[in-house]
Structure formats: C-alpha cells, structure tokens
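Everything below concerns the one structure shown next.
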Protein chains: 2
Amino acid sequence: MSVRLRPIQALRLWQEVGLSMVRRNAVDLTQRQMVILLTIYLEPPPHTVRGLAAKLGVTKPVITRALDAMGELDLVSRRRDPADRRNVIIQRTVRGSLFLDEFSDRVVEAAGALAP
Amino acid sequence: MSVRLRPIQALRLWQEVGLSMVRRNAVDLTQRQMVILLTIYLEPPPHTVRGLAAKLGVTKPVITRALDAMGELDLVSRRRDPADRRNVIIQRTVRGSLFLDEFSDRVVEAAGALAP
DNA sequence: GAAAGATGATACGGATGTGAAACGATCGGA
DNA sequence: TCCGATCGTTTCACATCCGTATCATCTTTC
C-alpha cells in the first residue's frame with residue numbers, strides 16, 4: 001500500500017534525516033549527486049552520462065563531475081561500453097550499495113519515530 | 001501513529017523528491033541550509049546562531065553564511081535581540097513558510113504515489 | 001575512405017561553501 | 001570602571017560546483 005504522510009511529518013522526517021547526515025560528517029553528497037546515485041541504484045541499467053543528464057535536466061558535465069566525485073568515494077564505477085566505445089556504462093559498487101542501505105535504514109527509523 | 005516505510009520505499013521517496021527539486025531548478029538549498037530552515041520552522045523560538053551551530057555540529061560562520069543566503073532569498077530574517085544586543089534572533093518569513101508548505105506537499109504526494 | 005554526427009571529458013570563468021582565525025560590539029562580574 | 005567572556009560577523013585560503021564552449025574519440029552515413 002502507499003505511504004500516508006502528513007505535511008508536518010514530512011518536514012520532520014526531512015529535518016531528522018538531514019540532521020543525522022550533517023552531524024555524522026561522513027559522506028557529504030550534493031542533492032544532485034544523491035539523485036544520481038539513487039537513480040543508478042533504483043532504475044534498471046544501463047545508465048549513461050547522457051541518459052542521466054536528460055533525466056535530471058542538467059548538462060553533461062554535471063554528470064561527469066558527479067561521477068568523478070562519487071567514483072573517488074567508490075560509490076559508483078565506470079567502464080567503456082565494448083559495443084559502442086563512445087558510451088560509458090555506469091555501474092554500482094559494493095560500497096555504494098552499503099551506503100544506500102544504511103541511508104534507507106536511517107530514513108525508515110526516523111519515519112517510525114515520527115509523532116502521530 | 002508513526003509512519004511505516006520500507007527501505008526501498010525510503011530510497012524511492014528520496015529520489016522522487018530530489019528529482020523534482022533538481023528539475024524545477026528553483027530554490028537550490030544546500031543540505032545544511034535545508035536543515036537550518038527546517039529547524040527554524042519546526043522548533044520553538046528563539047533561534048540563535050550559536051544554538052543552531054551547536055545543534056547541527058558546525059561552526060558559527062556556517063550558520064551566518066547560510067542565513068545570508070536564505071535571507072537574500074527572503075526565506076528567513078534576522079534582527080538583534082533588544083534584551084541582549086549581542087544575540088541575533090532568527091525569524092520566519094511568509095515566503096519561507098510558503099516554500100516549506102510547497103515542499104511538504106511534494107513529499108506527501110510522492111509518498112502517496114509509492115508502490116507497495 | 002571521408003565527412004558528419006554522437007558521446008563523454010576537459011578548460012575556463014564565475015559563483016558559492018567550508019574551517020580556522022581574528023575582529024568589533026556587547027554584556028557582566030570583580 | 002575595567003577587563004574578561006560571549007556573540008555574531010568578517011577575512012583568508014582553499015575546495016567544489018555550475019554552465020558554456022571546446023576537445024578527442026568513436027560511429028554512422030554517403
């Protein structure tokens with residue numbers, strides 16, 4: 001079933017999760033980087049720079065640089081498409097999966113703790 | 001009652017909301033700025049620079065600059081505390097309330113549209 | 001094959017965020 | 001009345017992000 005959430009609960013959920021992210025001082029992703037990461041892990045592959053840029057409505061360099069940053073953190077990886085060597089296939093990593101697992105757990109926990 | 005949310009739903013919710021924020025290309029707040037804004041609107045006043053810095057675990061200049069940026073967007077306002085003129089009282093604005101109302105509506109809508 | 005098109009990466013200039021340190025204004029106790 | 005403590009801001013050096021324009025590489029078309 002769908003998730004019932006009231007506006008005030010939505011705001012408190014965002015505050016709680018954002019606060020835990022800021023305080024942990026751990027991986028600090030931009031909103032765009034986070035959306036890119038989530039798209040890679042939630043939607044069916046293959047993912048390309050051009051496809052992600054179109055989906056997010058941003059320019060290609062934004063995607064390239066976000067992948068640079070997240071690749072440095074080992075959250076995603078890239079390899080050339082052997083079939084068409086112009087393309088770059090963006091792949092998931094163990095560390096990226098782990099990161100999102102922990103993130104989602106935090107969200108679920110914060111949601112469960114919301115006041116009525 | 002509390003909100004029941006499964007991990008995959010949490011990720012999809014974040015992706016959907018983030019995507020709509022990026023695509024709208026409207027107000028583009030940092031995660032920290034967003035947490036500050038939510039805290040100002042959700043928790044009881046008065047709010048001070050020092051209090052927000054302590055709550056978020058960041059330095060005071062971070063708060064000052066975030067308030068500069070959001071003040072420029074008319075999302076918050078500042079005034080000196082008459083009782084102790086060293087303090088600055090951070091206040092809500094009409095535009096800030098409207099912004100968070102619209103944001104929460106978007107979250108609620110995305111939550112309602114989640115697959116089971 | 002040569003030219004045109006597509007794809008991702010890079011260079012550049014501008015804008016903005018960050019932490020550490022120092023600063024001016026204000027308060028309050030000796 | 002001082003003089004230290006507190007508060008918010010500013011300065012500095014650095015890092016990162018953005019969009020535009022351009023580039024190198026690869027593919028497709030003629």
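First the proteins, then the strands, lettered A, B, ... as listed; each starts at 1.
If you measure from atom CG of A:Asp28 to atom C1' of D:dT16, you get 11 Å, rounded to the nearest angstrom. The distance from atom CZ of B:Arg65 to atom P of D:dT11 is 12 Å, rounded to the nearest whole Å. Atom-to-atom, CG of A:Leu73 to P of D:dT16 comes out at 10 Å; the value is rounded to the nearest Å. To the nearest angstrom, C1' of D:dG8 lies 17 Å from NE2 of B:His47. Atoms CG (A:Asn87) and P (D:dT27) sit 9 Å apart, rounded to a whole Å. At whole-Å resolution of the value, CD1 in B:Ile90 and C1' in D:dC7 are 12 Å apart. Look at CG on B:Leu52: it is 13 Å from P on D:dC7, rounded to the nearest Å. Between the P atom of D:dC7 and the CZ atom of B:Arg79 lies a distance of 18 Å, rounded to the nearest Å.
Listed pair B:Gln33 / C:dG17 meets the phosphate criterion, a side-chain N or O lying under 4.0 Å from OP1 or OP2. At D:dC18, one or more side-chain N or O atoms of A:Arg32 fall inside 4.0 Å of OP1 or OP2 (strictly under the cut-off). A:Thr64 has no side-chain polar atom (N or O) that falls below the 4.0 Å cut-off from OP1 or OP2 of C:dG8. Side-chain nitrogen and oxygen atoms of A:Arg50 include at least one within less than 4.0 Å of the OP1 or OP2 phosphate oxygen of C:dG8.
Residues B:Leu42 and A:Arg12 share a closest heavy-atom pair of O-NH2, 3.3 Å. In terms of heavy atoms, A:Gln33 sits closest to A:Ala66 at CG-CB, 4.0 Å. Residues A:Gln9 and A:Leu114 approach most closely at O-CD1, 3.7 Å, considering heavy atoms.
Looking at A:His47, its side chain never comes within 3.5 Å of a backbone N or O of A:Ile90 through a donor-acceptor pair.
Heavy atoms of B:Glu72 sit nowhere under 4.0 angstrom from any nucleic acid atom. No contact: B:Gln31 has no heavy atom under 4.0 Å from any strand.
Of the two residues near DNA chain D, A:Val62 and B:Leu67, the one whose nearest nucleotide lies more 5' is B:Leu67. Mapped onto DNA chain C by nearest heavy atom, B:Lys60 and A:Val49 fall at different nucleotides, with A:Val49 at the one closer to the 5' end.
Within a 6.0 Å sphere centred on CZ of B:Arg78, heavy atoms belonging to other residues, nucleotides or ligands number more than 12. Within a 6.0 Å radius of CD in B:Gln91, more than 12 heavy atoms belonging to other residues, nucleotides or ligands are found.
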Protein-nucleotides 24-27 of chain C N/O pairs under 3.5 Å:
residue	atom	partner	partner atom	Å
C:dC27	OP1	B:Arg85	N	3.1

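Each of A:Asp101, A:Thr93, A:Ile36 was compared with A:Tyr41 under the side-chain contact (heavy atoms from CB on, under 4.5 Å) criterion, and only A:Thr93 meets it.
Among the nucleotides C:dT18, D:dC7, C:dG8, the one closest to any side-chain atom of A:Thr48 is C:dG8.
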